[in-house]
Amino acid sequence: MSLIQETDFGAPAVRSEKTVTLTIDGVQVTVPEGTSLMRAAKELGTTIPKLCATDSVAAFGSCRLCLVEIEGRAGTPASCTTPVAEGMVVSTQTPKLAKLRRGVMELYISDHPLDCLTCAANGDCELQDMAGAVGLREVRYGYDGANHLTAAKDASNPYFTYDASKCIVCSRCVRACEEVQGTFALTIAGRGFGSRVSPGQSESFMTSECVSCGACVQACPTATLTETRVIEIGQPEHSAVTTCAYCGVGCAFKAEMRGEELVRMVPWKAGKANRGHSCVKGRFAWGYATHRERVTEPMIRASIHDPWKVVSWDEAIAHTASEFKRIQGQYGRDSVGGITSSRCTNEETYLVQKLVRTAFGNHNVDTCARVCHSPTGYGLKTTFGASAGTQDFDSVEETDVMVVIGANPTDAHPVFASRMKKRLRQGARLIVIDPRRIDLVRSARVQADHHLALRPGTNVAVLTAMAHVIVTEGLADEAYVRERCDLQAYAHWAEFVSLPQHGPEATEAVTGVPAAELRAAARLYATGGNGSIYYGLGVTEHSQGSTTVMAIANLAMVTGNIGRPGVGVNPLRGQNNVQGACDMGSFPHEFSGYRHVSDDETRQLFEEAWGVALGDEPGLRIPNMLDEAVAGHFKGLYVQGEDILQSDPNTRHVAAGLAAMECVVVQDLFLNETANYAHVFLPGSTFLEKDGTFTNAERRIQRVRKVMRPRNGYADWEVTQMLSNALGYPMAYDHPSQIMDEIARLTPSFAGVSFEKLDALGSIQWPCNAAAPEGTPVMHIDHFVRGKGQFILTEYVPTEEKVGPRYPLLLTTGRILSQYNVGAQTRRTENSRWHAEDVLEIHPHDAEERGVRDGDWVRLKSRSGETALRAEITDRVAPGVVYTTFHHPLTQANVITTDHSDWATNCPEYKVTAVQVSRGNGPAEWQVEYTAQARKSRRIEAAE
Amino acid sequence: MTDADEAHATGVTPMANQIAGFFVSQGDHAAAVAGTADHIKAFWAPVMRRELLALVDAGQAEGLSDVAREAILRLR
Ligand code: SF4
Ligand code: SF4
Ligand code: SF4
Ligand code: FES
């Protein structure tokens, strides 16, 4: 294996139907109109020297190294900024150009510390390369003039260092921060010779607006901005392309290695989800893989009050199998189940559900999508016929109006947020529907046209009111509806939404959204051109989550915004493989590809393939498993890569359920919170240690590639396989590709997928089959998957969770950029420098009423429980609403959340909890107890 | 026990009511019963249905809506 080298074309590709033909160094080339000469030359394989140009940002034309001569034109124009023209004749190498270029390089080099041999970028420096390319042999000015060689370093960011002495002021970093990331954190401060790159107003990187995405580091041609890891350990020598294991954007990275040591993760330009960009998590926060707290040996214990005992793999597997057999013998076949992981690969997830359905012999399998996007599956399947988002991410480039509902992309889906912001800077309009003023509402060069700051829990009322405006004001796309949708259902629905009680004036008192603002937003979405809806957990995690998803689908259908690029309904998935986990049959009522267990034909297919009889009734979902455990019927659980104690609602109830079981098996990297209640711990492997695939929020299946051996000895799929064999159901896969082959054989929407094809195409969006051999970027193009689009009535039903004198505030929860989900991984990296603890956002008015000052400890109490954390006073939240994140086990925000859940899927209502806030003086008693208990539960017996 | 734990002991009743609530909003009584029954059949494990039926039989399904009651009886 060698280091993958990507071509830098010097300027971004141009999309144009029209082409232009010209001659460069005697060779003809045809390129899209508007392409720069530099890019056209590179298409031919001709490299023109350059320093300030790179293909991630628009050309700037400042270094004057890329000069060319054009027949019939005076002077030597910069090839990076000069567009091609029909019939142009260009020379890139002439004696005149060589002289000019050497002169430019001499100037650069005279102000550069020539410590190349000891420089971190040695071997990966464009300045070095250019000195060679222009044939620089002497520097006539000497090195003694004014220079910046003693300029100070900024090492405030834990992941990269800024060494000002090496800066050539090409401003590639500044442009990357603006154009690629959209943060505008960098400027060139000073003028002329004194100019230097500066974060903010001469701040350090850490104290500036910088979000540590790494785009500037990526763009820098010198060692000025360099990964601290590279400074510490040197340049990588080989690499493999893989997929980020954090969020549902699914960024593709090159894992750059030295032997088995990961040096850095560099975003891969050909990655179709991220197009060469990254965020602080995927780019930098992978240190958890080698964190000292990672457990790499299997452990067992008889009781959760005992310390752990380290055992061999054989013993751990044999013990687990015998316990599950004993439990099933004693309490019946349905007394055990499994939970698949949205963090593991498709192949691993598929295998766990297969283990449950074959070796356990029931359908008691569920996945953490239960607690996030299960309503998406239900809602989109009911209305459109497919449980997935309708578009690819590229679609955002053609959208005119974006509606963002209950999502906070800049924190939770940062790389896609950057793509959204880019489109917004180009003039697309924006409607944000969220109780909180998320960053997208107002950030650098982005301003929402409308922010509907609704009261938590009133999504359905707001969306139905939007439909009311569209229908009653005659803004429906009737031609589309006539052609594509079920007309009877439409007529029924149109009549329903037109009722006066659904109008924005009538619902204003409930939703808190001014009617005029809502009307304006609805008009904009219906008439502003291509309208697209992006939504997140603020939609699904409600008692009416599924209804809200269907309300969104209704809006898209009635305005004709489904079935082409630029439009659509796009759930922003939380975890990296939550789409895949759902696709793979992780739900207790369906097989892979969303086919119900009661469907005879499908069941027969699986029975034949797996050689077992399969039941035709659904199994238990996570909350039901816990209920049954408390009731004494459910006794054994195999949990792969999830931390249900921390991530599921009403922690105390989860704890009670787990404590009532006789064998809880946790397979994870760390002794997570659930492991406090486990009897068997099977060490897991990281995404760097195994082969497989993840499927991102746009249904894109991408490869995960093994770059090092599993520190725990086995990839997670191998552990499941060992367990299955020990239970008496034989599995004999040698490689995950064979598992994917089985998935493809048994799942129509995956029929054309194989590792081979993925390697050839880079990625594939399902459905991929005979009709769409290379996959399907945009769904429902000529007709809906279900045939006719189905309008569903969406009556607003207020949640049972109501504010009152005891609990007068509404708590809503979310996540933050630097941390991921329950934080098991990110907390074990330097990312904690950005978010050391969860805080409670509270409006100044509510804070004042309670005598709470910024930074004070406050007690947060709901009907379920109580916790304590520090307050942050901000008007981002409306009066009456408080907000927190759930990344830290000590806070345990879910101690507070209740059991209310979505009517259709039991997805918990995380986004609305009635609470009271009062001043406190430190952690709650419960937290102190919990910490002590967790510490006790994590004891490992000393080896004899 | 907190309030929520208590709610849990009889969790199937409110769940069935919530489902029925949705289908009641979709159309007439007969369709609502059918929709509720179909939904429960498709998504509930048999043990949950048995629990609700047992509550109904024992006269303990307090607060169970008419539609939900008819639906679960249909699934006996
Ligand atoms: S790391 Fe990202 S946000 Fe920070 S300065 Fe660089 S480009 Fe801007
Ligand atoms: S820090 Fe790097 S990219 Fe930025 S101006 Fe200096 S040399 Fe160019
Ligand atoms: S966390 Fe998400 S946005 Fe960030 S690099 Fe990974 S996949 Fe991309
Ligand atoms: S690369 Fe064209 S001017 Fe710098």
Side-chain angles (χ1 to χ4, degrees), chain A residues 332 334 337 362-364 374 378 489 492-493 496 543-544 546-547 550 587-590 596-598 615-621 623-628 630-631 633-634 649-650 652-653 656-657 792-797 800 862-866 895 897-906, chain B residues 1-55 58 60-65 67-69 71-72 74-76:
Chain A
D334 293 338
N362 62 39
H363 290 301
N364 292 337
S374 51
Y378 180 86
H492 192 187
W493 174 82
F496 167 83
S543 59
Q544 282 202 293
S546 292
T547 314
M550 294 188 284
F587 289 129
H589 65 282
E590 57 195 11
H596 201 276
V597 293
S598 66
D616 63 353
E617 301 211 87
L620 293 165
R621 303 180 281 199
N624 317 135
M625 291 183 200
L626 294 164
D627 291 349
E628 291 302 313
V630 171
H633 311 309
F634 189 87
N650 194 353
R652 281 164 191 260
H653 181 67
I792 300 284
L793 307 192
T794 54
E795 184 84 61
Y796 166 65
V797 181
E800 304 267 306
S862 77
R863 292 181 182 91
S864 291
E866 174 177 347
V895 169
T897 53
T898 64
D899 284 323
H900 296 300
S901 66
D902 174 46
W903 67 268
T905 65
N906 277 165
Chain B
M1 252 197 192
T2 65
D3 307 0
D5 281 344
E6 274 160 32
H8 240 285
T10 55
V12 281
T13 304
M15 272 163 63
N17 281 345
Q18 247 187 317
I19 296 167
F22 174 79
F23 287 101
V24 165
S25 74
Q26 298 302 298
D28 61 19
H29 183 83
V33 172
T36 306
D38 286 350
H39 188 92
I40 289 179
K41 183 156 173 46
F43 295 101
W44 283 23
V47 54
M48 295 164 65
R49 300 201 311 253
R50 284 199 297 273
E51 272 169 31
L52 185 55
L53 278 168
L55 286 176
Q60 286 172 359
E62 273 160 48
L64 189 67
S65 72
V67 169
R69 182 181 305 267
I72 193 68
R74 186 175 292 190
L75 293 173
R76 190 188 289 277

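Residue numbers start from 1 in every chain, and the chains themselves are labelled A, B, ... in the order their sequence lines are given, proteins ahead of strands.
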Could you walk me through whether His39(B) and Trp903(A) pass the side chain to side chain contact (heavy atoms under 4.5 Å, CB included) check?
CA-CA 10 Å; His39(B) 188 92; Trp903(A) 67 268; 3.8 Å; yes
Residue Thr547(A) versus chain B: region with a heavy atom under 4.5 Å:
side chain
Ring center gap for Phe587(A) and Phe43(B) short of 6.0 angstrom
no
What part of Met550(A) gets within 4.5 angstrom of chain B, counting heavy atoms only: side chain, backbone, both, or neither?
side chain
If one checks every heavy atom of Glu590(A) against chain B at 4.5 Å, the contacting part turns out to be neither
Proximity breakdown for His363(A) and chain B, heavy-atom pairs closer than 4.5 Å:
neither
From the list Thr794(A), Asn624(A), Val797(A), the residue making the most non-hydrogen contacts under 4.5 Å with chain B is Asn624(A)
Do Gln18(B) side-chain atoms and Ala904(A) backbone N/O form a donor-acceptor pair below 3.5 Å?
no
Does the gap between the ring centers of His589(A) and Trp44(B) come in under 6.0 Å?
no
For Leu793(A) against Ser25(B), the heavy-atom pair lying closest together:
CD1-O, 3.4 Å
Would you mind telling me which of Asp334(A), Leu620(A), Asn364(A) has the largest number of heavy-atom pairs within less than 4.5 Å of chain B?
Leu620(A)
Chain B contact via Ser546(A) - side chain, backbone, both or neither, heavy atoms under 4.5 Å
neither
For Glu617(A) and Pro46(B), the nearest pair of non-hydrogen atoms, with its separation, is OE2-CG, 3.5 Å
For Arg621(A) and Met15(B), work out which heavy atoms get closest and say how close.
NH2-CE, 4.0 Å
Among Ile792(A), Thr905(A), Asp902(A), residue most engaged with chain B (heavy-atom pairs, under 4.5 Å):
Ile792(A)
What's the spacing between Lys41(B) NZ and His596(A) NE2 if we round to 0.5 Å?
8.0 Å
Counting only heavy atoms closer than 4.5 Å, note whether Val24(B) contacts chain A via side chain, backbone, both or neither.
neither
Just so I understand: if I count every heavy-atom pair under 4.5 Å between each of Pro618(A), Ser901(A), Ser543(A) and chain B, which residue has the most?
Pro618(A)
